Amino acid sequence: MHYWLMKSEPGDYSVDDLESDGVTHWDGVRNYQARNLMRDEMHVGDHVLFYHSNAKPPSVVGIAEVAREAYPDHTQFDPKDPHFDPKSDPDEPRWIMVDIRFVEKLPRPVGLPELKTYPELSGMVLLNRPRLSVQPVTEAEFEFIVARASDPAPE
DNA sequence: GCCAACGTTGGC
DNA sequence: GCCAACGTTGGC
């Protein structure tokens with residue numbers, strides 16, 4: 001069992017969108033490191049923290065789970081799609097995606113400024129490695145954040 | 001809207 | 001294979 005954090009801009013695709021869709025394919029990842037993590041490490045049933053980037057404040061807002069393991073991301077072959085990749089060979093697709101299933105919204109969003117205040121999270125990839133849209137979290141980090149979401153919001 | 005971090009591209 | 005130019009992410 002692995003744990004993950006996946007970023008999405010809420011204007012693009014929010015946790016509410018995921019809730020109404022139930023399951024969605026996580027297309028558009030065009031970063032090799034993120035791709036390799038999804039392709040090699042992500043398994044059905046893995047738990048995912050759903051994170052709103054470019055929000056005020058950026059926040060962990062929900063929980064999802066991996067519903068399907070890596071398969072080709074069809075948007076790479078669509079010239080009209082913003083994620084079109086003319087160099088990707090259909091016989092050997094360069095980019096893959098996974099399916100994510102909605103589990104729950106957190107009782108309250110846990111914002112980035114708050115996350116930074118917890119020594120327990122000082123090693124989080126989120127706080128140390130900018131610009132990685134799919135990233136691993138430890139089980140302890142996952143459980144800690146979910147527990148904080150049941151606490152009252154700090155001042 | 002700005003810009004720092006950093007990944008990718010392509011000329012050489 | 002180096003590295004400058006360029007593009008993107010994402011916090012602020």
Side-chain angles (χ1 to χ4, degrees), chain A residues 2-19 21 24-42 46-66 70-100 102-103 105-138 140-142 144-149 151-155:
Chain A
H2 288 169
Y3 296 83
W4 306 97
L5 180 145
M6 297 172 83
K7 299 178 183 176
S8 183
E9 300 197 22
D12 219 25
Y13 194 85
S14 72
V15 70
D16 293 318
D17 294 325
L18 180 62
E19 181 173 23
D21 288 347
T24 193
H25 47 250
W26 203 261
D27 63 279
V29 172
R30 296 292 181 271
N31 170 282
Y32 287 105
Q33 214 173 343
R35 178 203 68 180
N36 293 347
L37 287 168
M38 289 200 301
R39 185 190 59 196
D40 303 333
E41 308 287 342
M42 229 179 234
D46 281 0
H47 293 189
V48 176
L49 293 173
F50 196 99
Y51 179 85
H52 280 171
S53 61
N54 262 312
K56 294 175 193 168
S59 306
V60 177
V61 293
I63 300 175
E65 65 181 16
V66 176
Y71 62 107
D73 177 346
H74 56 82
T75 64
Q76 68 196 299
F77 305 122
D78 179 358
K80 295 189 294 296
D81 192 279
H83 299 295
F84 175 60
D85 183 352
K87 293 185 197 145
S88 185
D89 175 358
D91 291 330
E92 203 157 337
R94 178 179 298 193
W95 304 110
I96 53 87
M97 60 189 181
V98 298
D99 285 355
I100 295 299
F102 176 81
V103 174
K105 282 168 76 169
L106 295 181
R108 67 174 179 90
V110 183
L112 181 60
E114 179 185 346
L115 296 176
K116 288 177 175 172
T117 66
Y118 300 123
E120 292 88 342
L121 302 179
S122 60
M124 264 192 97
V125 175
L126 182 71
L127 305 181
N128 295 283
R129 285 284 312 278
R131 304 183 51 207
L132 188 58
S133 64
V134 175
Q135 54 179 257
V137 301
T138 67
E141 290 161 351
F142 185 98
F144 183 85
I145 291 169
V146 171
R148 294 292 73 68
D151 293 342
E155 277 310 304

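In what follows, chains carry the letters A, B, and so on, assigned in the order in which the sequence lines appear, proteins first and then strands, with residues in each chain numbered from 1. Computed from a prediction, not measured in an experiment: that's the story for all the values here.
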Would you compute the distance between atom CE of M42(A) and atom CG of L37(A) and round it to the nearest 0.5 angstrom? 7.0 Å
Under-4.0 Å salt bridge between D151(A) and R108(A): no
Closest-nucleotide ordering on DNA chain B, the 5'-leading residue of K87(A) and N31(A): N31(A)
Partners meeting side-chain contact (heavy atoms from CB on, under 4.5 Å) with P93(A) (sequence neighbours left out): P72(A), Q76(A), F77(A)
Summary of salt bridge (charged side-chain N to carboxylate O under 4.0 Å, His left out) pairs that have at least one residue in residues 47-65 of chain A, sequence neighbours excluded: E65(A)-R101(A)
Closest-nucleotide 5' rank along DNA chain B - winner of N128(A) and R94(A): N128(A)
Can R30(A) and D85(A) be counted as an ion pair, charged N to O under 4.0 angstrom? no
With sugar-phosphate taken as primed atoms, P, OP1 and OP2 and all else as base, the protein-contact string of nucleotides 2-12 of chain C at under 4.0 Å (heavy atoms; B, S, -) is -----BBBBBS
